[in-house]
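In what follows, a structure is listed as structure tokens, so that the remarks can point back to it.
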Amino acid sequence: MNVGLYGDYGGRYVPETLIPALEELTRGWEAARADAGFLAELDSLLKRYVGRPTPLDEAARFAPAGKRILLKREDLCHTGAHKINNAVGQALLAGRLGKHRVVAETGAGQHGVATATVCARFGLDCVIHMGAEDMRRQRPNVDRMKLLGAEVCPVEFGTKTLKEATSEAIRDWIANVETTYYLIGSCVGPHPYPAIVRELQAVIGHEARAQAFEALGRLPGAVVACVGGGSNAIGLFAGFLEDEGVRLIGVEAEGAASLASGRPAVLHGSRSSVLADADGQILDAHSISAGLDYPGVGPEHAHLRDTGRAEYVTATDEQALAAFRRLAATEGILPALEPAHALARALDLDAETVLVGLSGRGDKDLAEVLAR
Amino acid sequence: MAGSQTPDLAAAAVAGGADLIEIGFPFSDPLADGPAIRRAAERALAEGMGTAACLDCLRRTSERVAVPLVPMTYAALLEAYGWEVFASEIENAGAESLIVADLPADERPELRRVQLVAPTSTNERIALAAERTDGWLYLVTLTGTTGARRELSPALEPLVARARRLTDVPLYAGFGISTPAHAAAAAELADGIVVGSAALAAACEGASALERFVASLRAALS
């Protein structure tokens, strides 16, 4: 019996050592989401600590003539990105499960900072695995994590980026599974993680739907979000999945297009669409944006692609940089390079009203942008 | 790990007293492996050991030695090659069975393979794995990844005791068994022992070093 499937995708492809922990997590999650006390505590933290609801802003000067572009401002969340929605919820879950040590991976450092932040808030020990190359590229976030009390472990294998950091975080979890909670950062990994992350990020989509209705008097024609692992996209899409008139569009980095040019493969505990060769060996991804620089994607996205409910397109580094500069100049907002991919494709999309997930702010990317 | 030297190394291991040879088919992202096997997999892939080359290596090795050969790999390779085709191709190339490190007993139950259980496994999962396993049950001695350790894991003894109550299949212990002393202690408990990273380190010194190492393990067992 296979568990945790989205069509043919998902599953639990991990060493046996982790299976009892995944079953404990599944039970713990099911109990938590049915517990009014847990939901009230999460809701309260999202308001007081994270700063929710985030606004839905209209980018009138950014939008081309004849088009309306609305921005879901996750960049205004505490720590500057949507990652904190998931980190807060999973940290509460870690506490319920009696785990005092939290391990996580990070690429650009946004999930690492969010995790270090909630661990500081809840008094949990925090260990972040990060590729040595990403530590070099994202120095300010490494310093932030350390100031927040996290231990940052450099990963020296392979490409020294997010793929290896994720593998190393899972190995850490295998070795310390009895005391440690693995706080995964995206809607990837073995069941039940894709479902947990989706549900914790769905707050983005549910807020956005109500706000769009208020701003427009109807639903938007299209909803656009960037996709690396795909957590902000799946959270935003979650609010609109049942609205068949609303197009859902995920934007991948051209050099990391797991959905546009990947194949079915197994990576980090689940079966999904992955950049892999004919033997199933995982290929390297390449993107200016460290958060999209990942060869896999959440299994639910692969399923949404196959069923046709969502469309997936790509944007180049140059298109993302141009959109970054345009949003800064026209709206006074520095977006992260990840949602700059979504902004780039929102501009040329054939839809009158477009809602874009602005998943994070761009301060972390200044050095990368100024170097171009 | 599969490579150009594998047939010679397998023959040396058998000469040293090995009863069964596990051959790694390398994967780029091996979650169950510590640094030694990870580096070996990286080297093998850099040398072109894709699935077709590994099958050829298995075939040539089976022509050299008479002991059972068991490929050990990850689900990604089977997913890419086709689950059933992979199973029949390794059998045609001389494999006795198969180990898939990231495929717990409840995933793909139709694939005959040696199942693994760990100190964290519940009794229900040990019983399930034992019922579905192909010949013997692989006991992961410790909560962690592969690699040499200073001491034999204290978790092995209670794991063996639990497994004995639940099944009659032979129990082979592996992960962290690195020295003749570990081998002797593990063999007091289990029916067989599996040595990976330490054997790989010996193999890097050449076939005769591997033969001496395996002979030292074998001597410790008798």
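It should be emphasised that the depicted structure is a prediction, and the values quoted were computed from it without experimental measurement. Letters go in sequence order (proteins before strands), and every chain restarts at 1.
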Quiz item: Distance from A/Thr115 atom OG1 to A/Leu183 atom CG, nearest 0.5 Å?
Solution: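 Rounded to the nearest 0.5 Å, the OG1-CG separation comes out at 4.5 Å.
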Quiz item: Between atom OG of A/Ser186 and atom NE2 of A/His301, what is the distance when rounded to the nearest 0.5 Å?
Solution: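 With rounding to 0.5 Å, OG (A/Ser186) is 7.0 Å from NE2 (A/His301).
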Selection from [options] maximising heavy-atom pairs under 4.5 Å formed with chain A:
options: B/Ala52, B/Pro35, B/Pro30; value: B/Pro30
options: B/Ala118, B/Pro26, B/Ala76; value: B/Ala76
options: B/Leu77, B/Thr120, B/Leu142; value: B/Thr120

Quiz item: Looking only at heavy atoms, what is the nearest atom pair of B/Ala105 and B/Ala129, with distance?
Solution: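 Residues B/Ala105 and B/Ala129, closest heavy atoms: CB-CA, 4.1 Å.
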Practice problem: Show your working on salt bridge (charged side-chain N to carboxylate O under 4.0 Å, His left out) between B/Arg132 and B/Asp106 and close with a plain yes or no. | Solution: CA-CA 9 Å; B/Arg132 292 191 175 164; B/Asp106 44 355; over 6 Å; no
Quiz item: Picking from A/Leu283, A/Asp279, A/Val266, which has the most non-hydrogen pairs under 4.5 angstrom with chain B?
Solution: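 Most heavy-atom pairs under 4.5 Å with chain B: A/Asp279.
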Quiz item: Checking heavy atoms, do the side chain of B/Ala101, its backbone, both or neither come under 4.5 Å from chain A?
Solution: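 When you check distances to chain A, only backbone atoms of B/Ala101 fall under 4.5 Å.
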Exercise. Check each atom of B/Leu45 against the heavy atoms of chain A and say whether the ones under 4.5 Å are side chain, backbone, both or neither.
Key: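 Side chain only.
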Quiz item: Does the side chain of B/Tyr74 come under 3.5 Å of the side chain of B/Asp33 through a donor N or O and an acceptor N or O?
Solution: yes
Quiz item: Does any heavy atom of chain B fall under 4.5 Å from the side chain of A/Leu267, the backbone, both, or neither of them?
Solution: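 For A/Leu267, the side chain is the part near chain B, not the backbone.
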Quiz item: Does any non-hydrogen side-chain atom of A/Glu338 lie less than 4.5 Å from one of A/Ser287?
Solution: no
